[in-house]
Amino acid sequence: MSRKRKKKSAELKARALAIQNAKTREQHVFMKLGAKIRAYFFTGILVTAPVSITFYMAYKIILWIDAGVGRLLPPQLKTYYNDLPFTIPGLGVVVLIVSMIVIGMFAAGFVGRFFIRLGDWIVKKMPVISTVYSLLKQVFETFLSNKNQAFSQVVLLEYPRKGIWILGFVSTETGGEVKKIMNKEMLNVFIPTTPNPTSGFLIFVPKEDVVFLQMTVEEGLKFVISGGIVAPQEGEKSKKH
């Protein structure tokens, strides 16, 4: 009788162990399934969020330009546009682009250059406003000029002390009074801030103390804006000049 009890007890233990193992396997399956679903969810966000936000911002900017340009349209044209049974998103952008082209064509002529010089002279005679105007003019001429690029190369340099490296953009070689005082080959290096690379500071660095990188200026700006998350693709090894 005791043998039957022992056998039955062993069978019950084996059955309980089998049930427990089955539950454990089911838990593992559900955990893996949940992890996969969670990974797919975040992957979907990663894929769709940048595109959606970009198009949403572009759409809002287009509407903002449309509203601004719409207020500048002649009353007859504005009435005709409002009477249309449909709206044309981006019409203000087209009008703005065409207007800039026409203004540029006028500015390239003799009469246009005369009025530009006259307006430039008047604005430069105004206190405070002249400083802001000169700064903005230099910035736009630097970034929109087709003759040269704002920055030529991306470099690494040790700043603010040895052992700590920072990304910089070479604007040009140092010249003028600074070069005469230093009496060596120097570079003008712009150090941008993260995540807004339009602000930063300018430093003068000996050319032999910088490491020239193979990444483009655009890749370097993306690297700075993302806070180091969007790393450029690895190219050739950096070389020290």
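For clarity, every value in this text was computed on a predicted model and none was experimentally measured.
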Please list, one pair per line, the donor and acceptor atoms closer than 3.5 Å that link side chains of residues 114-122 to other protein atoms, with sequence neighbours excluded.
from, atom 1, to, atom 2, distance (Å)
Asp120, OD1, Tyr133, OH, 2.6
Asp120, OD1, Lys137, NZ, 3.1
Asp120, OD2, Lys124, NZ, 3.1

**Request:** State yes or no: do Val178 and Val189 share one hydrophobic cluster built from I, L, V, M, F, W and Y residues joined by side-chain heavy-atom distances below 4.5 Å, directly or via other members?
**Result:** no
**Asked** By side-chain contact (heavy atoms from CB on, under 4.5 Å), which residues pair with Arg161, not counting sequence neighbours?
**Response** Ile164
**Asked** Does Thr193 have any side chain to side chain donor-acceptor pair (under 3.5 Å) partners at least two apart in sequence or in another chain, and if so, which?
**Response** Ser199
**Request:** Would you please name every residue forming a side-chain contact (heavy atoms from CB on, under 4.5 Å) with Lys184, sequence neighbours left out?
**Result:** Met182, Met186, Pro206, Glu208
**Prompt:** Does some side-chain heavy atom of Leu213 sit less than 4.5 Å from a side-chain heavy atom of Leu167?
**Reply:** yes
**Message:** Phe201: which residues meet the ring pair (Phe, Tyr, Trp, His ring centres under 6.0 Å) condition with it, sequence neighbours left out?
**Reply:** Tyr159
**Message:** Check for me, please, whether Val211 and Phe151 land in the same ILVMFWY cluster - side-chain distances under 4.5 Å, paths through other members count.
**Reply:** yes
**Complete:** In this structure, CD1 of Ile203 is separated from CG of Leu157 (nearest 0.5 Å) by 4.5 Å
**Request:** Could I get the full list of side-chain contact (heavy atoms from CB on, under 4.5 Å) partners for Ile97, not counting sequence neighbours?
**Result:** Val93, Ile101
**Message:** If I take atom CZ from residue Phe212 and atom OG from residue Ser152, how far apart are they, to the nearest 0.5 angstrom?
**Reply:** 7.5 Å
**Asked** Can you name the residues that form a salt bridge (Lys or Arg N to Asp or Glu O under 4.0 Å) with Lys222, not counting sequence neighbours?
**Response** Glu218
**Asked** Looking at side-chain heavy atoms only, is the closest gap between Phe169 and Val154 below 4.5 Å?
**Response** yes
**Request:** Mind checking side-chain contact (heavy atoms from CB on, under 4.5 Å) for Ile229 and listing every partner two or more places apart, or none if nothing turns up?
**Result:** Ser226
**Residues which pass side chain to side chain donor-acceptor pair (under 3.5 Å) with Glu158, listed by chain and number, not counting sequence neighbours** = Lys162
**Message:** Test of understanding: with ring pair (Phe, Tyr, Trp, His ring centres under 6.0 Å), list the residues that count as partners of Phe204, not counting sequence neighbours.
**Reply:** none
**Request:** Indicate yes or no: at least one non-hydrogen side-chain atom of Asn188 is less than 4.5 angstrom from one of Phe190.
**Result:** no
**Message:** Which residues pass the ring pair (Phe, Tyr, Trp, His ring centres under 6.0 Å) test with Phe223, not counting sequence neighbours?
**Reply:** none
**Fill in**
So CG of Leu187 and OG1 of Thr174: to nearest 0.5 Å the spacing works out to 6.0 Å
**Request:** Tell me whether Leu156 is reachable from Leu221 by hopping between hydrophobic residues (I, L, V, M, F, W, Y) whose side-chain heavy atoms are closer than 4.5 Å.
**Result:** yes
**Request:** Could you identify which residues cluster with Met57, counting Ile, Leu, Val, Met, Phe, Trp and Tyr as linked when any side-chain heavy atoms lie under 4.5 Å apart, either directly or through a chain of such contacts?
**Result:** Ile53
